[in-house]
Asker: 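Quick one: this structure, given as structure tokens, is what I'll be asking you about.
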Amino acid sequence: MLDIKFIRDNPDLVKDGIRKKYGDADIDHILDVDRQRREILTELEQLRERRNKVSGDIAVMKKNKEDAAAQIAAMKEVGQTISQREQQLRNIEEKLDGMLLLVPNLPHESTPVGKDEAANVIVRHWGEPPQMAFKPAPHWELAAKLGMIDFERGAKLAGSGFILYTGVGARLERALINFMLDVHTSRHGYIEVSPPFMVNRQTMTGTGQLPKMHEDMYQLSDETLYLIPTAEVPITNIYANEILNGDELPKLFVAYTPCFRREAGAAGKDTRGLIRVHQFDKVEMVRIVRPETSYNELEIITANAETILQLLGLSYRVCLLASGDLSFAAAKCFDLEVWAAGLDKYLEVSSCSNFGDFQARRMNMRFRPAEGEKPIYPHTLNGSGLALPRTVIAIIENYQTADGKIVVPEVLRPYLGGAEIIE
RNA sequence: GGAGAGGUGGCUGAGUGGUCGAAAGCGGCGGUCUCGAAAACCGUUAACCCCGUAAGGGGUUCCAGGGUUCGAAUCCCUGCCUCUCCGCCA
């Protein structure tokens, strides 16, 4: 959420940012409603001031056994006007909040301006796509043949886009989760957490999934809980409505969770194999930091995610997202795209974003920079480290042999009972 | 699922309709004393919003949302959460 005062003071800046992000918020309308709100508020507060004063008088008069009937009658009328104004104020604040929650975050000045992913900037490459003397097979063929995934029965159980990992496939999933968590906790200093996989509406709103992305969420029929689309949601919200001490920052968390996404609007796209599924595993990093450090922290979190790909020996490239390709809440974002030999293309396996104070303001999370100072909003960041299915795709496709087996990356072998090859 | 108790400031905890943003203690901060520290003593101690260049003024907040009343931390209703006991259960 943007600060209404900031919008009031910098309407053109805000409009320009929204334009760059190809958003559609009506700032003039918001400012108009804000003006109405303050008018009513001013009047209401004057009425309340009067009531407070006279009510105090009444108390004194009663104590002195004087007659206060006239004052009580007058205040009765004032009370009615106050109720009316309060109702008006409630309505208008609800309206204003509803609109503010739909205003996207503004892109950072270092975010390239452009409409969509075509305008993204490739920042760097790491490693080389493997050279193969044969035509590499897609992961769905290899995984099925090696008994790692039962696509048909996964679909039978829950529908298309749901995966049944079997045998060594299931174990590879677990191995990757443990490997990633171990690297981030022991080498990168993150605290491991295991959050709820379902959250309430307030939590979903705090990070920006609601109200805008409602269609993409799985919602329980009791209407109070949602399945998380990413661990970002519960983790970033851990300190919602709290005031932290400045010396506690930065806070670094990492978690494994499943992620649930309806992928509404993506039907028919990337339907084969593991590329786009409704439930997947992910290890996610979150950093809650002091504002002045957040863009440096973005470089760190991106490097943390890259470390995983490097240790797995998977070639990738880093893209700086263009303004129009940024998510609703992000100010700046690097995507990590891993090479998949069988698909013959790059796949997004990680998104590392800086949200500025956008999420912190939505969830009312603050910190006190120093003893005695006013609390301010920290900046929040998150990065996948990594999303599992596409990492699995890259391992299967890039490490495949001519006879249809898969070489296990060295760092994973201890997690797979020492196995060097999947056959 | 059944029965009961409770949710007050950074913490403990008092407060059952009137000058209560809220006693007291602890903690924090500042000061006196001291070479310094401790102790003691004195003072201080929230968040948010509106008007204002500022000084300052005003308002809101005692889990949340409604209601009663001239006036609510205090009374009523609803919801959420916590604790205890019983039942069920991984």
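Naming convention: chains lettered A, B, ... in sequence-line order (proteins, then strands); numbering from 1 in each chain.
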Asker: With a 4.5 Å limit on heavy-atom distance, are the side chains of Arg201(A) and Met204(A) in contact?
Answerer: no

Asker: Could you let me know what G27(B) is paired to, Watson-Crick or G-U wobble, both distances under 3.5 Å, or none if it's on its own?
Answerer: U45(B)

Asker: Indicate, with a heavy-atom threshold strictly under 4.0 Å, whether Leu41(A) touches base, sugar-phosphate, or nothing.
Answerer: sugar-phosphate

Asker: Is the Tyr190(A) ring parallel, tilted or perpendicular to the His188(A) ring (thresholds 30°, 60°)?
Answerer: perpendicular

Asker: Looking at A40(B), which nucleotide sits across from it as a Watson-Crick or G-U wobble partner, both distances under 3.5 angstrom, or is there none?
Answerer: U32(B)

Asker: Is Asn241(A) close to Met363(A) at the side-chain level, that is, under 4.5 Å between some pair of heavy atoms?
Answerer: no

Asker: Need one value for Arg8(A): base, sugar-phosphate or nothing, where a base atom within 4.0 Å counts as base even if backbone is also close, heavy atoms only.
Answerer: sugar-phosphate

Asker: Could you check how far CG of Leu47(A) sits from P of G58(B), rounded to whole Å?
Answerer: 16 Å

Asker: If pairing requires Watson-Crick or G-U wobble contacts with both distances under 3.5 Å, which nucleotide is the partner of U16(B)?
Answerer: none

Asker: Tell me if the aromatic rings of Phe151(A) and Tyr165(A) count as close, with their centers under 6.0 Å from one another.
Answerer: no

Asker: Is there a side-chain contact between Asn64(A) and Met61(A), using heavy atoms and a 4.5 Å cut-off?
Answerer: no

Asker: Could you give the CG-to-P distance, from Asn52(A) to G18(B), as a whole number of Å?
Answerer: 16 Å

Asker: Any strand is fair game: report the nucleotide pairing with G56(B) by Watson-Crick or G-U wobble, both distances under 3.5 Å, or none.
Answerer: C51(B)

Asker: What's the gap between A47(B) and G43(B) when it is taken at their C1' atoms, as a whole Å value?
Answerer: 23 Å

Asker: Mind checking the P distance from G7(B) to A64(B)? Whole angstroms is fine.
Answerer: 13 Å

Asker: Calculate the interatomic distance between Gln71(A) atom CD and G18(B) atom C1'; express it in whole Å.
Answerer: 15 Å

Asker: Within the structure provided, determine whether Asn120(A) and Leu320(A) are in side-chain contact (heavy-atom separation under 4.5 Å).
Answerer: no

Asker: Could you tell me how far C20(B) sits from G71(B) if I compare only their C1' atoms? Round to whole Å.
Answerer: 13 Å

Asker: Provide the distance between the two C1' atoms, one in C70(B) and one in G13(B), to the nearest whole Å.
Answerer: 32 Å

Asker: Should Arg38(A) be listed as having a side-chain N or O under 4.0 Å from OP1 or OP2 of C51(B)?
Answerer: yes

Asker: What residues from residues 76-92 of chain A pass a heavy-atom cutoff of under 4.0 Å to RNA chain B?
Answerer: Lys76(A), Arg90(A)

Asker: Taking side chain as C-beta onward, heavy atoms only, is Val277(A) less than 4.5 Å from Glu263(A)?
Answerer: no

Asker: Can you tell me the distance, in whole Å, between the CD atom of Glu45(A) and the P atom of U61(B)?
Answerer: 11 Å

Asker: Is a donor-acceptor pair below 3.5 Å formed from side chain Glu49(A) to base G59(B), judging by atom type as modelled?
Answerer: no

Asker: Which base, if any, makes a Watson-Crick or G-U wobble pair with A3(B), both distances under 3.5 Å?
Answerer: U84(B)

Asker: Nearest-Å distance, CZ (Phe367(A)) to P (A47(B))?
Answerer: 14 Å

Asker: Pick the P atom in A23(B) and in A73(B), then give their distance to the nearest Å.
Answerer: 14 Å

Asker: Classify the ring geometry between Phe162(A) and His278(A) as parallel (under 30°), tilted (30 to 60°) or perpendicular (over 60°).
Answerer: tilted

Asker: If you find the nucleotide of RNA chain B closest to Arg37(A) and the one closest to Lys53(A), which residue's nucleotide is nearer the 5' end?
Answerer: Arg37(A)

Asker: Starting at the 5' end of RNA chain B, which residue's closest nucleotide do you reach first, Gly56(A) or Asp34(A)?
Answerer: Gly56(A)

Asker: Do we get Lys115(A) above Tyr22(A)'s six-membered ring, with its NZ or CZ under 6.0 Å from the centre and within 45° of the axis?
Answerer: yes

Asker: For the side chain of Thr42(A), counting heavy atoms from C-beta on, which of C50(B), C70(B), A46(B) is nearest?
Answerer: C50(B)

Asker: Rounded off to whole Å, could you give me the CD-to-P distance for the Glu43(A) and G59(B) pair?
Answerer: 16 Å

Asker: I need the Asp16(A) CG to Asn10(A) CG distance, nearest 0.5 Å.
Answerer: 11.5 Å

Asker: Expressed in angstrom and rounded to an integer, what is the separation of Asp97(A) atom CG from C49(B) atom P?
Answerer: 13 Å

Asker: Are there any protein N/O atoms within less than 3.5 Å of an N/O atom in nucleotides 7-9 of chain B, and if so, which ones and at what distance?
Answerer:
none

Asker: Consider the side chain of Pro375(A), meaning its heavy atoms from C-beta on, and name the nucleotide among A47(B), G58(B), G18(B) that approaches it most closely.
Answerer: A47(B)

Asker: Report yes if at least one side-chain N or O of Arg368(A) is closer than 4.0 Å to OP1 or OP2 of A47(B); otherwise report no.
Answerer: yes

Asker: Taking the C1' atom of each, how far is C80(B) from A24(B), in whole Å?
Answerer: 31 Å

Asker: What's the closest nucleotide to the Arg366(A) side chain, out of C70(B), G18(B), C48(B)?
Answerer: C48(B)

Asker: G71(B), OP1 or OP2 - any side-chain N/O from Arg51(A) closer than 4.0 Å?
Answerer: yes

Asker: Report the C-alpha separation of Arg38(A) and Asp34(A) in whole Å, then their side-chain angles, then the decisive distance to 0.1 Å, and conclude whether the salt bridge (charged side-chain N to carboxylate O under 4.0 Å, His left out) test is met.
Answerer: CA-CA 6 Å; Arg38(A) 281 180 297 151; Asp34(A) 175 52; 3.5 Å; yes

Asker: Specify the separation, in whole Å, of atom CG of Asp247(A) and atom P of G10(B).
Answerer: 17 Å

Asker: Please report the interatomic distance SG(Cys352(A)) to NZ(Lys332(A)), rounded to the nearest 0.5 Å.
Answerer: 12.0 Å

Asker: On a whole-Å scale, what distance lies between the P atoms belonging to A14(B) and G36(B)?
Answerer: 42 Å

Asker: For A39(B) versus G28(B), give the span between their P atoms, rounded off to a whole number of Å.
Answerer: 9 Å

Asker: Could you let me know what A64(B) is paired to, Watson-Crick or G-U wobble, both distances under 3.5 Å, or none if it's on its own?
Answerer: U78(B)

